[in-house]
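The structure presented is a predicted model; accordingly, all values stated were derived computationally and were not measured. Chain letters run A, B, ... following the sequence lines, proteins first and then strands; every chain starts at 1.
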Amino acid sequence: MTTDQTTNAAEKAPEPAAAPAAPAVDPRLLVREAGFAGYLAEFKRKMKSGDLGSVPVVLGLILIGAIFQGITGDFLNADNLTNITKWVAGPGLIAVGIVFVLLLGEIDLSLGSIAGVSAAIAAVLSVRSGLNEWLACLIAIAAAVAIGALHGFFFAKIGVPAFVVTLAGLLAWSGLQMYVLGDKGTVNVLNDGVLANLDTYFLGDGDVAFTWGFAVLGIALFGAGQFLDAKRRGDAGLPARPMSEIALRTGVLAVIGLVAAYMLNQDRGLPLPLVIFLSIVVITDFVLRRTSYGRQIFAVGGSVEAARRAGINVAWVRISVFMISAGMAALGGLFIASQQGSADKLLGSGNVLMNSIAAAVIGGTSLFGGRGKTWSALLGILVIQSIITGLDLVHVNQAIQYMITGAVLLGAVVLDSVSRRTQKSSGRG
Amino acid sequence: MTTDQTTNAAEKAPEPAAAPAAPAVDPRLLVREAGFAGYLAEFKRKMKSGDLGSVPVVLGLILIGAIFQGITGDFLNADNLTNITKWVAGPGLIAVGIVFVLLLGEIDLSLGSIAGVSAAIAAVLSVRSGLNEWLACLIAIAAAVAIGALHGFFFAKIGVPAFVVTLAGLLAWSGLQMYVLGDKGTVNVLNDGVLANLDTYFLGDGDVAFTWGFAVLGIALFGAGQFLDAKRRGDAGLPARPMSEIALRTGVLAVIGLVAAYMLNQDRGLPLPLVIFLSIVVITDFVLRRTSYGRQIFAVGGSVEAARRAGINVAWVRISVFMISAGMAALGGLFIASQQGSADKLLGSGNVLMNSIAAAVIGGTSLFGGRGKTWSALLGILVIQSIITGLDLVHVNQAIQYMITGAVLLGAVVLDSVSRRTQKSSGRG
Amino acid sequence: ACGKAGSDKKDDAKGGDSKSIGLLLPENASSVRYESFDKPFIEAKVKELCGDCTVKYSNAEGSAAKQKQQFDTLIAQGVKVIILDAFDAASTQSWVKEAADKGVKVIAYDRLATGPVSAYVSFDNEKVGELQGQALVDALGAKAADANIVMINGDDADPNAGKFKSGAHKVLDGKVKKVVYEQSGEWKPTVAGQKIGAAITQLGKDGFQAVYSANDGMAAAIITQLKSANINVPVGGQDAGLDAIQRLVSGEQSYTIYKAYKPLADSAAELAVALLQGKDVKAVASASIDSDTDKGIPAKLLDPKVVTKANIKDTVIADKLYTVADICTGTYADACKAAGLQ
Amino acid sequence: MTGAPVLALRGVSKRFGAVQALTDVHLEVHAGEVVALVGDNGAGKSTLVKTIAGVHPIDEGAIEWEGSKVAINRPHDAQALGVATVYQDLALCDNLDVVGNLFLGRELRRFGALDEVAMEKRAKELLDTLSIRIPSVRIPIAALSGGQRQVVAIARALVGDPKIVILDEPTAALGVEQTAQVLDLVERLRDRGLGVILISHNMADVKAVADTVAVLRLGRNNGVFEVANTSHEEIISAITGATENAVTRRQARIAEEAK
Amino acid sequence: MTGAPVLALRGVSKRFGAVQALTDVHLEVHAGEVVALVGDNGAGKSTLVKTIAGVHPIDEGAIEWEGSKVAINRPHDAQALGVATVYQDLALCDNLDVVGNLFLGRELRRFGALDEVAMEKRAKELLDTLSIRIPSVRIPIAALSGGQRQVVAIARALVGDPKIVILDEPTAALGVEQTAQVLDLVERLRDRGLGVILISHNMADVKAVADTVAVLRLGRNNGVFEVANTSHEEIISAITGATENAVTRRQARIAEEAK
Ligand SMILES: Nc1ncnc2c1ncn2[C@@H]1O[C@H](COP(=O)(O)OP(=O)(O)OP(=O)(O)O)[C@@H](O)[C@H]1O
Ligand SMILES: Nc1ncnc2c1ncn2[C@@H]1O[C@H](COP(=O)(O)OP(=O)(O)OP(=O)(O)O)[C@@H](O)[C@H]1O
Ligand SMILES: [Mg+2]
Ligand SMILES: [Mg+2]
């Protein structure tokens, strides 16, 4: 529809009944033209006005890949890339937890300690107490969720700022972690047990069919979902994505998915940690964007008072989010334990939390609450892990590594912030 | 004045001109009765409605003192108390910096690293390069202020969230710290030099007159200030504190000050770090509460948009606050270096930042911006240092120490939060 | 072998793998030794033994998980020999096994990594503790039997800290009157300083006659606090950092433990090059040791040395660790003269 | 208007710290009745509304719903009874779009997931009846003008199936046309048998749609009037507490100047 | 009204992302003149005010001040020229008290430090002239009612010495008495020779105090009228863009029902 027509229709044909005289669509809105050309035009406009979405992060990833490949010649090796996909699972899952907390406009500083304590619990129960490993892992995650509930309780019911509750938690749970591990300290995970396999197992023991199947399934589901949604909107008379755009999006995803599958198959196949991490990102994304519960999280993050007045049980939303994030951190902790082959006193300390927060933010989740998605955990942690692995390949001096990590992090975020600021002054902030 | 009179006066004698018909004072306001009895009544009401101010923190301090004295019998020794007053200066000054940032509603995660890097710069310049120590310290603080300006620039001008800028700073500056210290690592501070004396010097080499003088001067200034203020308000026809209340407040301060002076004189006299820390708290408190600049900080912390529209240069306020906090952190770092006798790679890492943040919050500065004072840094760090020192006296296992520190921190803050919540529902939040 | 140093690195990376040696060090927060001594010494020795070999170095910054990533990254790069100073020696079992399966050989350096390592080079850590204890007894001299001791140990989480502690106890228990205060300083100077403050409060100024500090960083803070309380008792540490040597010169610190990094690094480099060239390691690592998981690991165990004011010249200066000019800066010049260094 | 009122407040008091905002307030609302609540600034109107809506629990007194006493401690309680409220400060989530705000807490669902299509359609219909131009229903609330937000807040109250609708100064930010639509809406609600509490400072609007006018003054009841039999001046003097006030003075002066 | 206008907008345009909020807008304000700016919800009135006040810089066009072109890029620039603005969304700092807000950015000082005593006295005087009851001038803004805040925002504009005062719906939340006071205030400002821009949806108020009415519609000028020679209906039809609209329909229906 062109804008002029709408305006005229409304002005020239006022209905005589109590029915509306003005149209709900504003004639000043520069509506996107139908079809593919319109899509391209809007894309250009968005780029110009700084509404870049994930584009800078993806460009950043490509840049990082190109630079390190140029320097070392090893970065894009199949086995190096496979390693990266395996290693993102641990901190990435913690970052998913962080995204939930950030959406509430809060921060959880204890997630690193929680990852550490649950890894310790799982390892001690399965190795020292000889419990079934599945059960041990479940108990560890349950313990973490209980810890999250405790934090949530102090925050939501007692009113202690989340920052402080989780700061106290950070200290207390790393104490518990030491206590659980006891005097002997480090506990090795069982050889070829469940915990060990979290990191080292490849689906179908490296069978290429699994990789291809996973990729094709993902692409097909995405395409079908987009198509059905557009169809329903069209049927209901609402503006919908044009088919050409859906085809383009699905095509881009297909290329990425199939290239990734090909690379993985060059090495050991489809790593279990990647499958689990991707599945969790997809599920949590669905929860956040397509369920009432997810909507409630956004509402509380946007305005606590408005959410409360809308009848939302704010305390419960807050408590449950802290439970979810603690659960994610616990799962992440198990992956880290699997990766290092043991649970030790320092697991989850140091940079783990920082990297996960940075991942969420780099990926585009707002620190100010109410805006973000779990995909940002995936994108962000890929950036960070690529830089870390790349620097390890280059073997530069440690002090320089620190500074480079800091600088790149800053660079990525500056780009993001500048784009977001332009966006805000264009009224979509 | 009693409320009824006012109402009646306003209602029965409406002025015929355009002058006001309604009085500016609301008749429903339960005005405090004049005189001392009214003061007591209001104090009771405040206690009941949860507006406790610093009372819970002070009670907490007394409790901590009593418990550890009970267990060890050594806690209230003059030399232990002197040690505590010396040790609070380093983290306390960092906490003052944190208070500034928190008032803006932001957080600075890099202050620990900044403390470390400036201690390193001061030590390396004075010891390795043989520069005059005063000059070396000044350069170190100037470097920190420059770092703060850089952070502020990225935050205020580019729009990167402060959380992220300072997270990047945390990594980058600890890299710089290592680089400055170089291969040889730790640098000893000069014997009996300026840096060494920051921690170890006692005013007048322990002369009791200094302690008494400092205490009496402080008490007198406080009393005179309160008296003059009340007099001016009274003269202007505004409600003022009754003389009895001023006498009471000055009396309480006098008791605390004189007891502290007596205790210090039992040991080595008046420690330089205490004098500097107290002076800085007093000065910053004045800046925050009694100058336009301080008012601007509160305004930006309360509502950025409102502050901007009031013509305040928001970017400058933000940048300058990051400069101040970095400068405070640098000063804190020098005290820590003096305390440990050297500048090393670990200075400022680990719990330093956490403890300082916790101190600010325990002392009553809001994490949500726009509310707090630098006195909270003093009160909070006293609580934390007392617990740490007390636990050291008790010789408990490290794991348990962690848990106790976490739990006490939580306890202190719960009390504070509950009281603040009650306060909020009474409309003063 | 000799040859030109600084050979073409790019060539190396491509051609592989038989020319590069991985070096993984655990951290650099608590001690400077890793980047200032171990790394350069190993690099130099490798260059000396094999001119076109390179060393690929990474530091785990105190995280076992990070070290695992660096370990795997080296394998992904095709490195065949890795010198591993494990951040958490107990964790490495599965990594080393994985590497062994791929034909990558691992040398346990400094800390005895678990798993099927090809060789082990280290100081005897328990011995370090024993030497520390003995040096403290020596510093006390005749008063030793009546002396009360304060011990500030390393971080409980570090297995070596436990060895230092038990070694020290082995000597001290019995030779001194009593260990009256014992706490972990967590390897952190500020913490150690505050612990000693608590000890002074509790025991009084005359309540102890010597302080055992697990390392030099903590010793520095302890000495500062003692000075401020006007207490002068023997304090010792370990690591032989420049700052510690200076304190020895000025008489503030009694001893430090010097683990001559050079022989340690040289042995590791020799072993690595030997493994790279397919030679037998027994020529260097003639001893044998058992780890928690494996038995009969070829090992080379070196002896640490005690450094006091008296033997600075014969140890750290003789080994070119520091020059006299390094040590005798500004305020230390007079003390240096008195100690006969200048 | 006979039978038990849908909602009745009996002797409600509310205090904020040092301010006694409400003292012993009574109010009744029957089905099919529009009650205008008027009073000076700071009289306590919004506070009263918030106590009914469960935002602040009351300190003393009782709330009766269809004749029986109820406890309203949180907004959820009020909603469950059937109270829909449009707050003076709107209380919208700035980060959610118009659709998200309209259905917040009452989302339409399909197979358990949100039914965005149905919600978007319904949102357009609702906004159309209030004749407002909004650039797009997928725009975040933060980008709307004051009046546009107000209309979204009013539309929110119509989602669901309330028995009582409370409007706290709903037309304050609205243009003449939108104001007329809202007054129409109030009448439609009354005709559907709902009780309406309308707060407004505009006496013309009040007289146009209200059946009863309840006046609050300094947190206390200051009279209840039948609109049909009460003059403008009577209401104003009940509000200001004096027959001589700024309004009358202004009128007198203007009249004088006109001469 | 002769001579160069104090403030003139020439062909001002402003765009937010996909929304063209203002297109080629002209406006003139002379000293001693009250210009009413009216328009439908979302017409762009507040956006126009914000461009003058420096909150959003303009995209195209020019702003002239006393005949010469000026650049207003930030609120400070506008204040320096002598523009005082009361925003529709008030823009007060919730955490500061009434005195703090009133003098924000223009604190009174004594020996370099804040002169709280002088400020408190002056604050009381200012609020008295607007006849509002506020529990205490030391209460944080967060605890005030909607109307009380509005009055504080209006009083803010009187601190300092402006040449033009812009009031964006200043009486929206005000009671009848306070509204009368604000209208008085507007007249006093005019008499002191200040230019006033008044935005309001209340035609009665507009007709009472304005000299000129400028109408905005969908972000464009839609006529400037002399108040004295223009009827209510003419203005309303300029606002809604049609002679037949919800207002007239409503009136017609009510008239019919009355029969
Ligand atoms: N920050 C912004 N981002 C995007 N769009 C905006 C922004 N501010 C205003 N708009 C749009 O500009 C148009 C004009 O808004 P404006 O606030 O100026 O209207 P108004 O005339 O003041 O209306 P009202 O009478 O309701 O206050 C509206 O359609 C609004 O959606
Ligand atoms: N949260 C709060 N804390 C303290 N006082 C409050 C609070 N909310 C309201 N008040 C006080 O209660 C009184 C009544 O406020 P309320 O908002 O109910 O007035 P109102 O009648 O709605 O006025 P208006 O017409 O201006 O909106 C005011 O004096 C106000 O200062
Ligand atoms: Mg109100
Ligand atoms: Mg507006």
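Heavy atoms of D:Ala53 lying under 4.5 Å from chain A are absent altogether. For A:Phe286, the part lying near chain D is the side chain, with the backbone staying farther off; criterion is any non-hydrogen pair under 4.5 Å. At a 4.5 Å heavy-atom cutoff, the contact between D:Asp89 and chain A is made by side-chain atoms alone. Of the atoms belonging to D:Arg106, not a single heavy atom falls under 4.5 Å from chain A. For D:Leu96, the part lying under 4.5 angstrom from a heavy atom of chain A is the side chain only.
Comparing D:Val55, D:Thr85, D:Asp94 by how many heavy-atom pairs each has under 4.5 Å with chain A, the most go to D:Val55. Interface check for chain D: of the options A:Glu305, A:Arg295, A:Gln296, the most heavy-atom pairs under 4.5 Å are formed by A:Arg295. The greatest number of non-hydrogen atom pairs below 4.5 Å with chain A, out of D:Ala78, D:Gly105, D:Ala113, D:Gly54, is found for D:Ala113. Ranking A:Gly237, A:Pro239, A:Ser303, A:Gly294 against chain D, the residue ahead of the rest is A:Ser303, based on heavy-atom pairs under 4.5 Å. Contact tally against chain D (heavy-atom pairs below 4.5 Å) for A:Ala236, A:Ala307, A:Gly302, A:Ala310: the top residue is A:Ala310.
Using a 4.0 Å cut-off between a side-chain N of Lys or Arg and a carboxylate O of Asp or Glu, A:Arg249 and A:Glu245 qualify as a salt bridge. A:Lys231 and A:Asp235 are joined by a salt bridge, as a carboxylate oxygen and a charged side-chain nitrogen come within less than 4.0 angstrom of each other. Classification of D:Arg138 and D:Asp97 as a salt-bridged pair holds, one side-chain N sitting under 4.0 Å from a carboxylate O.
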Quick one, A:Ile357 with A:Ile107, criterion side chain to side chain contact (heavy atoms under 4.5 Å, CB included). Give me CA distance, side-chain angles, the key distance, then yes/no. CA-CA 9 Å; A:Ile357 295 176; A:Ile107 185 70; 3.9 Å; yes

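Side-chain contact between D:Glu116 and A:Arg232 is absent, with no heavy atoms from C-beta onward closer than 4.5 Å. For the pair A:Lys373/A:Leu288, no side-chain contact is recorded, criterion being any heavy-atom separation below 4.5 Å from C-beta on.
Taking every heavy atom of both residues into account, D:Val117 and A:Arg233 meet most closely at CG2-CG, 3.7 Å.
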